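It should be emphasised that the depicted structure is a prediction, and the values quoted were computed from it without experimental measurement.
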Amino acid sequence: MDTTSPSRTSRADVPAAAVASSEAEGGFGIDAFTLDDRLRLFHFAAADKRREYLWLLRAFDRARAEYQVLLHAADAGALLARMAAEHPEAGAVTEVQSLLDSLADWQVLDRSYDGTRAANLAEYRNRHYVYQFTQAGYRAYRAVEDVLGATLEDAQLSRLVFPDILADLRALTEAARTGDSEEVYRKLSRLDAALADMAQRAARFYLMLGDLARTNDTRPEVFLSHKDALLAHMREFHAELARYAPLLGQAVEAAAAVGAERIAELAAEADERLFRTPVDRVQDWLTRFDGLLHWFGDGARSEAERLQDATVTAIANVTSLLRRVTESRRGGVSRESQLRHLAQWFTGCPTDNEAHALFQAVFALGAPRHVAVPYEDPELVPSRQSWWEAEPVELARTLVRTGRPPALHGPGRIERNEEARQKLRAEQLKVTAQRRTAAAHLAADGVYGRVLDEPETQTLLALLDLALAARVPVSRGVAPASGSAHGVRLTLRPADSSSTVHTVRGRLHLDGMRLEVTA
């Protein structure tokens, strides 16, 4: 079915001279847009109602996929209502007419009059508007959708492209030797498209490596996502690149031996771009062939070798991230939780003087210790010489670290009191035995329904301190917290009511929690 309007003239029907003249004056379509016009196309992505603008443009894209180009405001509203069944956010779009007018002012949509909708003269004078994508507006919309739809999988490099590249390189060499310009053009075009896709994916892979090197997030899920991406890259792309790199290098050398100029001239003969001079076409294909040499040639720094080095760097970065994750999880306290608690301490200081004292104690900052330190021999340095030009003063390590001047006496004598040390060791063993016995009683008899004695109370409080050291919030619907010592485990479990533990020191009330001690 022919849907071309007879009143319009297609570009193919215009003489080549007229087309060239028009493009020299200002160009067609998107070429006629100035820089400000092109930047104005993206206003909808930064406006206050950017979500509503986006869903309205998605409705126009849906209509375009259904071969409906022109839409009235009522048609756009009906299409949004139909899309709301799948995406509830589409149903939140209101004031469709004002949104359409703004998009038309930004030249994202083209606005025209539709007199066929008028049922009487008054409606005809109202000039019913219909809207459709402009060429530049559709490109701007697709660019935004590409950014919103980008995922981590876009950084994966395809391993299936290497056999096709190798076959096309060999066919390109054979066609260049026989002088088949059309075959050279086809093969070089396919190689250029494959390299363009590989370059884009390699750029995303390098960006992922940069994010991995700069990240301070030590969550396990962040490590797992980067680890899975790296393993998939090594298992698929890196192994195939290492296997095909020598073969691709040989194929590129064979093609270069025929002559880069000859290959570019043969490709330019079959190139059908009318608005490029023969010299421009030859230079364009010569640049694309140089890209092949840059990727797979035997130069000092080919792109294939750079990808292999980047893979090794990624392995080191993932290993470093694993080390940071392990260190943050050791002991149940992470660097993030420490900084949050430190910030709470600062906000809890009642006065500025206490905040300054806390800052000095935490960051070990004090007055400068090197001021007024003289030279060992002041006569060697003239007093009129500028401190900027004079030699620096050598500072003692004890002065820099502790603030005390260096002492000339030797190390002090170490006093050892074996009797006191043995007494303290005996007391330590006695307390440990009491704690173990008390812990066994807690596991056997429980903590409820009786009064805990002093050793049992001390053991219970020590176990409770270990369980709460992880700083994991214990509430309903959250995993219980636990701590173990002296051969038993204390578990804090959420409960529907409060519980009370009776001890010789008093009563311990637990709101919405219950204690369990098991061996």
Working for side chain to side chain contact (heavy atoms under 4.5 Å, CB included), residues Asp192 and Leu188 = CA-CA 6 Å; Asp192 178 67; Leu188 200 54; 5.8 Å; no
Which residues pass the salt bridge (Lys or Arg N to Asp or Glu O under 4.0 Å) test with [X], not counting sequence neighbours?
X	answer
Arg111	Asp101, Asp105
Asp110	none
Glu183	Arg186, Lys187
Arg82	Glu66

Gap separating the [atom1] atom of [X] from the [atom2] atom of [Y], nearest 0.5 angstrom:
X	Y	atom1	atom2	result
Ser98	Leu103	OG	CG	9.5 Å
Asp75	Leu70	CG	CG	9.5 Å
His72	Tyr129	NE2	OH	10.5 Å
Leu80	Met83	CG	CE	6.5 Å
Leu358	Leu342	CG	CG	6.0 Å

Between Ala76 and Leu56 the two heavy atoms that sit nearest each other are CB-CD1, 4.0 Å
Heavy-atom pair of closest approach, residues Phe346 and Ala355 = CE2-O, 3.6 Å
In residues 166-179, what donor-acceptor pairs under 3.5 Å come from side-chain atoms, sequence neighbours left out?
unit_1 : atom_1 : unit_2 : atom_2 : d
Thr173 : OG1    : Leu169 : O      : 2.9
Thr178 : OG1    : Glu174 : O      : 3.2
Thr178 : OG1    : Ala175 : O      : 3.2

Between Glu86 and Arg62, is there a salt bridge with N-O shorter than 4.0 Å?
-> yes
So is Arg142 actually on top of Phe133's ring, under 6.0 Å and inside 45° of the axis?
-> no
Only pairs at least two apart or in different chains count here, so list each ring-ring contact (aromatic ring centres under 6.0 Å, His included) that has a residue in residues 251-270.
-> none
With a 4.5 Å heavy-atom cut-off, do [X] and [Y] have their side chains touching?
X	Y	value
Leu100	Val96	yes
Thr134	Leu109	no
Leu71	Val130	no
Glu145	Arg58	yes
Trp285	Val184	no
Leu266	Asp180	no

Give every residue pair that meets the side-chain hydrogen bond (donor to acceptor under 3.5 Å, both in side chains) criterion with at least one member in residues 345-356, sequence neighbours excluded.
-> none
Does anything in residues 254-268 pair up under salt bridge (Lys or Arg N to Asp or Glu O under 4.0 Å), and if so which pairs, sequence neighbours excluded?
-> none
Residues Phe60, Trp55; criterion ring-ring contact (aromatic ring centres under 6.0 Å, His included); working and verdict = CA-CA 9 Å; Phe60 273 83; Trp55 280 107; over 10 Å; no
Side chain to side chain contact (heavy atoms under 4.5 Å, CB included) filter on Asp284, not counting sequence neighbours, yields Arg273, Arg276, Arg288
Report the C-alpha distance between Tyr138 and Asp61 in whole Å, list the side-chain angles of each, state the deciding distance to 0.1 Å, and finish with yes or no for side chain to side chain contact (heavy atoms under 4.5 Å, CB included).
-> CA-CA 9 Å; Tyr138 184 71; Asp61 190 35; 3.6 Å; yes
With sequence neighbours excluded, residues passing ring-ring contact (aromatic ring centres under 6.0 Å, His included) with Tyr131 = none
List in chain and number order the residues that pass ring-ring contact (aromatic ring centres under 6.0 Å, His included) with Phe289, two or more places apart in sequence or in another chain; answer none if no residue qualifies.
-> none
Using a 3.5 Å cut-off and no angle test, enumerate the donor-acceptor pairs between side-chain atoms of residues 39-52 and protein atoms at least two apart in sequence or in another chain.
unit_1 : atom_1 : unit_2 : atom_2 : d
Arg40  : NH1    : Asp37  : OD1    : 2.8
Lys49  : NZ     : Glu95  : OE1    : 3.2
Arg50  : NH1    : Ala47  : O      : 3.0

